Amino acid sequence: MEGKLLEMFEVGPCEDDYQLGFLIGQRFCSQIRSRLAGDLILQNQLLPFARTPHAQPLLKALSETNQKKFPRYWAELLGTADGSGVPVLDVIILVNFRKEILPFISKTTMNSNADTTDDCSDVLIVGDSMAVAAHNEDANVALVGHTYLIKGKLSNGLSFIAYTYAGELPSCAFALNSQGLAFTLNSVPPVEDEIEPAGIGRNFVSRDLLEATSTADALARIRSSEVSVGHSYNLIDIQKRMILNVETASKSRVSVHEVGTTPFFHANMYLHLQVQQVHDENSISRQKRAAVLPQGSKTDFLSLLGDTEDTKYPIYMTGPTLYTLCTTVIDLDERTLTIIEGNPKYGKVSHVFSMSSNELNLKLVNHAEGTHL
């Protein structure tokens, strides 16, 4: 299965956040409409649920809480919906809050196409000779060909590049900004009793991280958001040569682990925050497999993320339900973010972005499909 070539859209500064979203929605109208039409989770689970009386209090609470906390990003999503000509309910509420809504859909109505938490793998290290974050962006197969890069410039001069799912806020995947900060994300699966129905959505927290000016600021933004479901954030600070893994849960629970010389592999389960979580065979299998693979070099990291030895739960996924959309490698010493298409073992580089602290604006330094690491 092959997706379309990953496109990048440069946008901003805009007069307001609505215009930013509108221009993004207008530019990627076809991808957004196609994603919504082909997204079986939306069509078979979220939309039917949204039409039931049981759903209304949850959808209303999520909307009000997040609009109040992040009015600018809410306006951005309104613009995205209007720019792409799709219903506000579909884009703003159901697609962007899918992780916060799905736990409350009756399991008897779920089917094999339901969303899972089994997405994304990271291997991280900060050693004497190497400081690297490598990340597989895994998602439901409906997202193949429905992602793009947003290179946004804000009115305050800050700029960012964000890998974005069609119709969603930048970025629920990975991103970097002109302050020398980057992040990658991993889903984690708390049990239903650990979820706060009216909490902040993860898409809004990660959108807020795009505007962080330091690691301390990024942590403050994460801590100040009383999240609904929780998430795992890998915060990468180029200036400080530091990587933090931050696990969060409802009720303002946060645990921070600083990555050191021992390679740190994170799939889709809590590793250091004490939270009751769903037993996830996929993540457990990936954790076990990663533990026995070499992790001594960047090449080893790419081989690990490209591993398909376990045919039931491979680290590199090719369907039928989950698919590795791309791999990104953030090298803190080279100060680059590289995007690799296809199995990362073969190093098919599509984009390389400079994260040099000497540049006020982010710069695309290479875009040569087929270039090898």
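Keep in mind it's a predicted model, so treat the numbers as computed, not measured.
Counting only residues at least two apart or on different chains, no salt bridge (Lys or Arg N to Asp or Glu O under 4.0 Å) pair has a member in residues 310-323. Listed by first then second residue, pairs satisfying salt bridge (Lys or Arg N to Asp or Glu O under 4.0 Å) with a partner in residues 204-218 read R72-E211, E76-R207, R207-E211, D208-R221, D217-R221, not counting sequence neighbours. Legend: salt bridge (Lys or Arg N to Asp or Glu O under 4.0 Å) pairs involving residues 165-189, not counting sequence neighbours, sorted by first then second residue: R35-E168, R98-E168.
Ring geometry, F9 versus F28: the interplanar angle exceeds 60°, so the pair is classed perpendicular (tilted spans 30 to 60°). Relative ring orientation between Y165 and Y163 is described as perpendicular, the plane-to-plane angle rising above 60° on a 0-90° scale split at 30° and 60°. H272 and F264 have tilted rings, their planes meeting at an angle from 30° to 60° on a 0 to 90° scale.
Between C29 and S84, the shortest heavy-atom contact is SG-O, 3.4 Å. Closest of all the heavy-atom pairs between S129 and D333 is O-OD2, 4.3 Å. Smallest separation of non-hydrogen atoms from L169 and N203: CD1-O, 3.9 Å. The shortest non-hydrogen separation linking P344 to T327 is CG-OG1, 3.6 Å. Closest non-hydrogen pair, P170 versus I150, comes out as CG-CG1, 4.4 Å. Of all the heavy atoms in V227 and E196, the pair that sits closest is O-CB, 4.0 Å.
Not a single donor-acceptor pair under 3.5 Å links the side chain of D138 to the backbone N or O of C326. A donor-acceptor contact shorter than 3.5 Å is absent between the side chain of T80 and the backbone of F22. A donor-acceptor pair under 3.5 Å links the side-chain atoms of Q277 to the main chain of Y270, judged by distance alone. Here the side chain of E137 pairs no donor or acceptor atom with the backbone of C120 at under 3.5 angstrom. Between the side chain of N245 and the backbone N or O of V259, no donor-acceptor pair lies under 3.5 Å. In this structure a side-chain-to-backbone donor-acceptor pair under 3.5 Å is missing from N282 to Y313. Between the side chain of H54 and the backbone N or O of T52 there is no donor-acceptor pair closer than 3.5 Å. With hydrogens and angles ignored, the 3.5 Å screen pairs a side-chain donor or acceptor of N66 with a backbone N or O of G199. No donor-acceptor pair under 3.5 Å is formed between the side chain of D90 and the backbone N or O of V95. Judged purely by atom type and a 3.5 angstrom limit, S283 uses its side chain to pair as donor or acceptor with the backbone of N268.
Between H135 and D122, the side chains place a donor N or O and an acceptor N or O closer than 3.5 Å (distance only, hydrogens not considered). A donor-acceptor contact under 3.5 angstrom links the side chains of T184 and N234, judged on distance only.
We find that K69 and E226 are not joined by a salt bridge, their nearest charged nitrogen and carboxylate oxygen being 4.0 Å or further apart. Between R253 and E247, no side-chain nitrogen of the basic residue sits less than 4.0 Å from a carboxylate oxygen of the acidic one, so the salt-bridge criterion is not met. With respect to the salt-bridge test (charged N to carboxylate O, under 4.0 angstrom), the residues E334 and K298 qualify.
Between K345 and Y316 the shortest side-chain heavy-atom distance does not fall below 4.5 Å. Taking 4.5 Å as the limit, every side-chain heavy atom of V11 sits out of range of all side-chain heavy atoms of K153. L235 has its side chain within reach of L219: a pair of non-hydrogen atoms, C-beta onward, lies under 4.5 Å apart. Residues V123 and Q295 meet the side-chain proximity criterion, which asks for heavy atoms closer than 4.5 Å. Proximity of V254 to L273: side-chain heavy atoms (C-beta onward) are nowhere separated by under 4.5 Å.
For the atom pair CG of L143 and SG of C172, the computed distance is 7.5 Å after rounding to the nearest 0.5 Å. The CG atom of D331 sits 5.0 Å away from the OG1 atom of T336 when rounded to the nearest 0.5 Å. Atom CD1 of I222 is separated from atom OG of S252 by 12.5 Å, given to the nearest 0.5 angstrom. Note that OG1 of T164 and CD of Q31 are 11.5 Å apart. Values are rounded to the nearest 0.5 Å.
Transitive grouping of hydrophobic side chains (ILVMFWY, heavy atoms separated by less than 4.5 Å) brings F265 and V329 into a common cluster.
Q287 CD: more than 12 foreign heavy atoms inside a 6.0 Å radius. Within a 6.0 Å radius of CD in Q276, no more than 12 heavy atoms belonging to other residues, nucleotides or ligands are found.
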